[in-house]
Undergrad: 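One structure is given below, represented as C-alpha cells, and several questions about it will come after.
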Amino acid sequence: MRSFVEIQALKDLVGQEVWLRGWVRAIRSSGKIRFVELRDGTGSCQCIVEAGEPEAFAALEGCGQESSVCLGGVVREEPRSPGGVELAVSAAEVVQAGEEFPIARKEHGIEFLMQHRHLWLRSPRQTAILKIRHRIIQAARDFFDQQGFTLIDTPIFQPGAAEGAGTLFEVDYFGNPAFLAQTGQLYLETAAMALGKVYCFGPTFRAEKSKTRRHLTEFWMIEPEVAFYELKDLEGLSEAFICHLVQAVLTHNRAELEALGRDCAALEAVGMPFPRMTYSEAVGMLHDPELHGKLEAELAAEQERYAKLQKRIEEMDAELAGLMKAWKREKLTKEQQALREEAGDLERWLRNQPGHIEDAKRFRWGDDFGGDEETILSRQFDRPLIITEYPREVKAFYMKRNDADPRTVLNLDVLAPEGYGEIIGGSQREDSLEALQARMAEEGMDPAPYEWYLDLRRFGSVPHGGFGLGIERTVSWICGLKHIRETIPFPRMMGRMAP
RNA sequence: UCCAGCGUGGCUCAAUGGUAGAGCGGGUGACUGUUAAUCACUAGGUUGCAGGUUCGAGUCCUGCCGCUGGAGCCA
C-alpha cells in the first residue's frame with residue numbers, strides 16, 4: 001500500500017520511505033544519474049534516480065517536461081538540493097509521458113504565453129499569484145464573516161441599463177435584452193434593509209473598450225453594504241478591510257511574495273490609519289507649489305536613474321562582445337532586454353510627467369481625476385489614500401448629497417500606493433425618496449424600472465452605504481505585478497477570449 | 001475608438017534590396033551531483049495574408065488580418 005505525501009511535508013519526513021506524485025518540472029540526466037525536479041502543487045522537490053536502481057532508472061527514459069509521474073523512495077537531507085531535502089528514488093512509475101511541452105524554461109513573449117495560458121498556469125510565478133489571489137479572497141470572506149456580515153448572491157442577468165448603456169454587455173434573454181451585471185449594489189441595498197450587514201462577491205462585466213494594464217472585461221468584485229452606516233463608517237471599514245487582506249498575505253504567503261520579487265517592506269508599511277482627504281483638499285494639493293517642488297525633484301531623480309540605466313545597458317554591450325559561451329550571452333541579453341524595457345517605461349514616464357505636472361497645476365474643481373492625477377496623489381503616501389466627497393456631476397445618481405457642501409456627494413475612493421490606482425469605490429447612498437427621484441430626473445432616467453429600488457426609501461429608509469473592492473487590482477498591487485492579466489486564471493480582455 | 005510599434009523553424013531573436021541563420025527546445029550518443037547542466041552529431045522554413053514596385057523582396061509600397069504598448073473610461 002503506497003502512502004502518498006505532499007512535497008510541502010517532506011522536511012518533516014526525513015529518513016522515511018514515501019511516494020510522491022506530480023509533474024516533472026525538469027529532468028536532467030548525467031548518464032548514470034537522473035535529476036527529476038518534481039512539482040505537485042504544494043512545492044517542488046529534487047528527486048535522484050541512480051543507475052543502481054535499474055528499474056526506476058529505465059522507467060524514466062524518454063520522460064520529458066510536465067510528464068506525470070509517481071516516485072517512491074527515501075527522503076534525505078541534502079545541502080546540494082535546492083529545497084534542502086531530496087528523494088532518493090527506488091521506484092518510479094510514469095502516469096503519462098507528456099508530449100513536448102510548449103513552454104520551455106526560458107523567456108517567452110506575452111502573446112505566446114497568453115495563448116498557452118492553460119499551461120502557463122503551471123509555472124512557479126503563476127502558481128504563486130494564484131495562491132495569493134486565493135488568500136486575498138479567503139481573507140476577504142473571513143473578514144466579513146467575523147464582522148457578522150451575511151453573503152448575498154446578487155443576479156448576474158440584470159434588466160435595463162442603469163448607467164452608461166455602452167459599458168454593459170447585452171445578451172439575448174428569451175427574446176428580450178438583458179445585461180451582464182456591472183455591480184450587485186442596488187440588489188445588495190435591498191438585502192441590507194433585510195439583514196443589516198451584507199456583502200456580495202461575484203464576477204462583474206464591463207464592456208468598456210479599455211486596453212490597459214489595469215482593465216479586464218470580466219473581473220471579480222467584493223461589495224459590502226451596511227444599514228445605518230455613514231461615510232465615516234465606510235472609511236473605517238475600508239481601511240480595516242484592506243489591512244486585513246495585506247496582513248493575511250504577509251502572514252501566510254511570504255514564500256510566494258519572495259518568488260514574485262515583491263518588496264515586502266512596502267506592504268508592511270500598510271497600517272491604520274490611512275491618509276484621508278476630500279476631493280476639494282486633493283485639488284488644493286494638486287495646486288500646491290510644495291507638491292510641484294517635490295514632483296520636480298522626483299523628476300530630476302528619475303532622470304538620473306534613467307541615465308544610469310542607459311549606462312548599464314551600454315556596459316552590457318561591452319560585456320556581450322567579450323562573452324563566448326552562447327547561453328551566457330543569451331542570459332545577459334535577456335537581462336539587458338529587461339533593463340531596456342524598464343528604461344523604455346521610464347523614458348515614457350519622463351516624457352509624460354512634465355505634462356502631468358502641468359495638468360495638475362491647471363486642474364479645475366469639478367473635473368474627475370484622471371489616472372495621472374490619481375497617481376500623483378497616491379504616490380505622496382506609503383499606504384492607501386482615501387479621497388472623499390467628489391463633485392456630484394461626475395458620480396452616480398444613487399450617491400447621497402453632501403449637506404455640508406451640496407456640490408459634492410458622500411462618496412469615497414481608495415487609491416492603492418505605488419501607482420496601482422483605484423481599488424475601492426463606494427458611497428453613502430441617497431436615502432431620501434424625494435432627493436433620489438429629483439436626481440434621477442436630472443439624469444433623465446425613467447423611474448419605472450427602479451420602483452423596487454425606490455421602495456427602499458418608502459419603507460423604513462435609513463442611512464446606509466457600501467463600496468466595491470476590485471479583487472484583481474488588489475492582487476496586482478499586493479503581488480507587485482505590472483499587468484492585471486496575470487491576476488486571474490483566464491483573463492477576459494478587450495480583444496482576447498482564448499483560451 | 002484613436003495613436004504608435006511589431007508579425008522570420010516549436011520558442012526567443014539575427015539577416016545594406018542579392019545563397020534564410022544562431023541560441024534554446026526536440027531527437028541520437030557520451031558523462032554518478034545536476035541547478036536554464038555540459039560536449040558532439042542531427043532533424044526542423046510557402047518569412048501573417050493578398051496585391052504591387054524590381055533582373056531580384058524577409059527587407060520597399062498599398063490593403064487586410066493578428067498581436068503588443070499607450071490614451072480615453074473605469075474597479
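Since the structure is predicted, the reported quantities are computational estimates derived from the model, not experimental observations. Throughout, protein chains are lettered first and strands after them, A, B, ... in sequence-line order, and every chain is numbered starting at 1.
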Undergrad: Checking A:R34 against A:F57: charged group under 6.0 Å from the ring centre and within 45 degrees of the axis?
TA: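 Yes, a cation-pi geometry.
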
Undergrad: Which of these nucleotides, B:rG69, B:rC74, B:rG33, is closest to any side-chain atom of A:R206?
TA: B:rC74

Undergrad: Measure from the side-chain heavy atoms of A:H108 and tell me the nearest of B:rU68, B:rU32, B:rC11.
TA: B:rC11

Undergrad: Applying the 5.5 Å / 30° rule, does A:F219 stack onto the base of B:rA75?
TA: yes

Undergrad: Under 4.0 Å between any heavy atoms, over every strand shown, what does A:Q65 touch: base, sugar-phosphate, or nothing? Just pick one.
TA: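 Nothing, no heavy atom under 4.0 Å.
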
Undergrad: Nearest-Å distance, CD1 (A:I110) to C1' (B:rG5)?
TA: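 Computing the A:I110:CD1 to B:rG5:C1' distance gives 17 Å.
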
Undergrad: Would you indicate what A:P82 reaches in the nucleic acid, counting non-hydrogen atoms under 4.0 angstrom: base, sugar-phosphate, or nothing?
TA: base

Undergrad: Closest to the A:E422 side chain: B:rG33, B:rA71, B:rA75?
TA: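 In terms of side-chain proximity for A:E422, the closest of B:rG33, B:rA71, B:rA75 is B:rA75.
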
Undergrad: A:F112 side chain: which of B:rG25, B:rC11, B:rU68 is closest?
TA: B:rC11

Undergrad: Check RNA chain B for consecutive Watson-Crick or G-U pairs with both distances under 3.5 Å and list the runs of at least three as stems.
TA: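 RNA chain B forms these stems: B:1-7 with B:65-71, B:10-13 with B:21-24, B:26-30 with B:38-42, B:48-52 with B:60-64.
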
Undergrad: Remember a base hit wins even if backbone is also touched, and classify A:G52 as base, sugar-phosphate or nothing at under 4.0 Å, heavy atoms.
TA: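 A:G52: no heavy atom of the nucleic acid under 4.0 Å.
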
Undergrad: Can you see whether A:Q96 engages A:S67 through a side-chain donor-acceptor pair at a distance of less than 3.5 angstrom?
TA: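 Short answer, no.
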
Undergrad: Return the value, rounded to whole Å, for the distance between atom CD of A:E77 and atom P of B:rG33.
TA: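 In whole Å, B:rG33 P and A:E77 CD are 22 Å from each other.
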
Undergrad: Using the side-chain heavy atoms of A:R214, tell me which of these nucleotides is nearest: B:rC74, B:rG70, B:rG25.
TA: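 For A:R214, the side-chain atoms sit closest to B:rC74.
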
Undergrad: Expressed in whole Å, how much space separates the P atoms belonging to B:rA22 and B:rC41?
TA: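 That atom pair is separated by 12 Å.
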
Undergrad: Across the strands shown, which category fits A:R496 at heavy-atom distances under 4.0 angstrom: base, sugar-phosphate, nothing?
TA: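 Counting heavy atoms under 4.0 Å across all strands, the contact made by A:R496 is with sugar-phosphate only.
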
Undergrad: Checking contacts here: which listed nucleotide (B:rC67, B:rC74, B:rG33) is nearest the side-chain heavy atoms of A:E208?
TA: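 Selected nucleotide (nearest to the side chain): B:rC74.
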
Undergrad: Measuring from the side chain of A:S29 (C-beta onward, heavy atoms only), which nucleotide among B:rC31, B:rU12, B:rG33 has the closest atom?
TA: B:rC31

Undergrad: Which value, in whole Å, describes the distance between the P atoms of nucleotides B:rU16 and B:rC55?
TA: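 These two P atoms come out 22 Å apart once rounded.
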
Undergrad: Among B:rA71, B:rC67, B:rG33, which nucleotide sits nearest the side chain of A:E111?
TA: B:rC67

Undergrad: What does A:M494 touch in the nucleic acid at a heavy-atom separation under 4.0 angstrom: a base, only the sugar-phosphate, or nothing?
TA: base

Undergrad: Supply the atom-to-atom distance A:E17 CD to A:L87 CG, rounded to the nearest 0.5 angstrom.
TA: 9.0 Å

Undergrad: Within the 4.0 Å heavy-atom criterion, would you say A:D368 contacts the bases, only the backbone, or no part of the nucleic acid?
TA: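 Touches sugar-phosphate only.
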
Undergrad: Looking for any heavy atom pair under 4.0 Å, which part of the strands does A:E99 touch: base, sugar-phosphate only, or nothing?
TA: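 Touches nothing.
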
Undergrad: Report yes if at least one side-chain N or O of A:R213 is closer than 4.0 Å to OP1 or OP2 of B:rU68; otherwise report no.
TA: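 A:R213 to B:rU68 OP1/OP2: no side-chain N or O under 4.0 Å.
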
Undergrad: Compute the ring centroids of A:F241 and A:F144, then answer whether they are less than 6.0 Å apart.
TA: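 When the ring centroids of A:F241 and A:F144 are compared, they turn out to be within the sub-6.0 Å range.
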
Undergrad: Nearest 0.5 angstrom please: A:I110 CD1 to A:K482 NZ, how far?
TA: 11.0 Å

Undergrad: Could you tell me how far B:rU28 sits from B:rG63 if I compare only their C1' atoms? Round to whole Å.
TA: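 Rounded to whole Å, the distance is 48 Å.
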
Undergrad: At under 4.0 Å between heavy atoms, what does A:T212 touch on the DNA or RNA strands: base, sugar-phosphate, or nothing?
TA: base

Undergrad: Classify the side chain of A:S210 and the base of B:rC73 as holding, or not holding, a donor-acceptor pair under 3.5 Å.
TA: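 Check passes, donor-acceptor contact within cut-off.
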
Undergrad: When all nucleic acid strands are considered with a 4.0 Å heavy-atom cut-off, which category describes A:H483: base, sugar-phosphate, or nothing?
TA: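 The residue A:H483 makes sugar-phosphate contact but no base contact.
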
Undergrad: Distance between the C1' atoms of B:rU8 and B:rG21, in whole angstroms?
TA: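 It works out to 10 Å between them.
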
Undergrad: Under 4.0 Å from OP1 or OP2 of B:rC67: is there any side-chain N or O of A:R485 that close?
TA: no

Undergrad: Cut-off 3.5 Å, side chains only: do A:R141 and A:Q138 have a donor facing an acceptor?
TA: no

Undergrad: Base, sugar-phosphate alone, or nothing: which one does A:H215 contact when heavy atoms must sit under 4.0 Å apart?
TA: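 The residue A:H215 makes base contact.
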
Undergrad: Could you state the atom-to-atom distance from CD of A:Q46 to C1' of B:rU34 in whole Å?
TA: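 Result: 7 Å.
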
Undergrad: Within this structure, what is the CZ-CG distance for the pair A:F201 and A:L469, rounded to the nearest 0.5 Å?
TA: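 Spacing of CZ (A:F201) from CG (A:L469) equals 9.5 Å.
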
Undergrad: Rounded to the nearest 0.5 Å, what separation is found between the OG atom of A:S476 and the CD1 atom of A:I484?
TA: 5.5 Å

Undergrad: Among the nucleotides B:rU68, B:rU34, B:rC74, which one has an atom lying closest to any side-chain atom of A:F35?
TA: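 Nearest to the side chain of A:F35 among the choices is B:rU34.
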
Undergrad: Work out how far the P atom of B:rG17 is from that of B:rA4, and round it to whole angstrom.
TA: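 Between the two P atoms, the distance is 23 Å.
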
Undergrad: Taking atom C1' in both B:rG7 and B:rA50, compute the distance separating them and give it to the nearest angstrom.
TA: 16 Å

Undergrad: With a non-hydrogen cut-off below 4.0 angstrom, is A:L469 in contact with a base, only sugar-phosphate, or nothing?
TA: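 A:L469: no heavy atom of the nucleic acid under 4.0 Å.
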
Undergrad: Throw together a table of side-chain donor-acceptor distances under 3.5 angstrom for residues 368-375 of chain A, partners on residues two or more places apart or in other chains.
TA:
residue : atom : partner : partner atom : Å
A:E373  : OE1  : A:G370  : N            : 2.7
A:T375  : OG1  : A:G371  : O            : 2.7

